[in-house]
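Worth saying up front: this structure is predicted, and the values here are computed from it rather than measured.
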Amino acid sequence: MAIADDLKKTLTDPTPLYFAAGTADLAVQQAKKVPGLIEQLRAEAPARIEAVKNTDPKIVQDKAREAQEAVAAKFAEVLTAIDPKKLGESAQDLALRGVGVAAEYAVRAKETYDKVAEHGEQAVRTWRGEVSEEIVDIAVAVEPKQERQPEQEAAQEPAVADFSADEKPAARRSAARKNNVKKAAVVAGDES
């Protein structure tokens, strides 16, 4: 039964749907920013193209050659510094660090998933036009208790008042008689 219960819980959990709604809502928000970015690129493009046209190819080649020499020197330095004994210890240390980093990323992924699902739930409420629970909670906390209206108090008084044993049956009988008279009139009206 535990498997069936887990399956039922999984299939009835709305969190993945809220995650999808949250993702869609965030995508729409980001898509709304695209026209502004396109306009910015259109404005900056001529200046960037002009800068590329005015760049001397020899200067670019010299910078690339310097970067290549620096990388080659650093690589040679690393190769000479490798000790086979330390390499094994470093591999174990790196593996343990990798497990720790993977666990940390799993926790971050779960937190992000929950945040997006919560955003999706809020987006669904907004799409439906529902009031946020938080706003309702705040309103309940802020609003003072309303005083009872006189009509409500009058309706509650007969139930609270003490009646003697003689008065209770009389009140009930008169109501019962009125109902019977009404029923008889309705039945008589249906027969004709």
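Y113 belongs to a hydrophobic cluster whose other members, connected by ILVMFWY side-chain contacts under 4.5 Å either directly or through intermediates, are F19, L26, V116. Hydrophobic side-chain contacts under 4.5 Å tie L7 into a cluster, directly or through other members, with L11.
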Taking only distance into account, with no hydrogens and no angle test, what donor-acceptor pairs under 3.5 Å do side-chain atoms of residues 102-112 form with protein atoms, sequence neighbours excluded?
from	atom 1	to	atom 2	distance (Å)
E104	OE2	R108	NH2	2.6
K110	NZ	D114	OD1	3.1
T112	OG1	R108	O	2.9

For a quick test of your reading: what N or O donor-acceptor pairs under 3.5 Å do the side chains of residues 92-99 make, sequence neighbours left out?
from	atom 1	to	atom 2	distance (Å)
D93	OD2	R97	NE	3.4
D93	OD2	R97	NH2	3.3

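Partners of E44 according to the side-chain hydrogen bond (donor to acceptor under 3.5 Å, both in side chains) rule, which considers only residues two or more places apart in sequence or in another chain, are Q40, R48. Every residue meeting the side-chain hydrogen bond (donor to acceptor under 3.5 Å, both in side chains) condition with E39, not counting sequence neighbours, appears here in chain and number order: R42. Remark: T15 engages D13 in a side-chain hydrogen bond (donor to acceptor under 3.5 Å, both in side chains) (not counting sequence neighbours). Residues satisfying the side-chain hydrogen bond (donor to acceptor under 3.5 Å, both in side chains) test with N54, not counting sequence neighbours, are none.
Applying the ring pair (Phe, Tyr, Trp, His ring centres under 6.0 Å) test to residues at least two apart or on different chains, none of the pairs has a partner in residues 28-70. Among pairs with a residue in residues 47-86, none fulfils ring pair (Phe, Tyr, Trp, His ring centres under 6.0 Å), at least two apart in sequence or across chains. Each salt bridge (charged side-chain N to carboxylate O under 4.0 Å, His left out) pair with one or both residues in residues 24-34, not counting sequence neighbours, would appear here, but there are none. The side-chain hydrogen bond (donor to acceptor under 3.5 Å, both in side chains) analysis of residues 64-78, with sequence neighbours excluded, yields the pairs D62-R65.
Atom CD in E121 sits 7.5 Å away from atom CD in E118 (nearest 0.5 Å).
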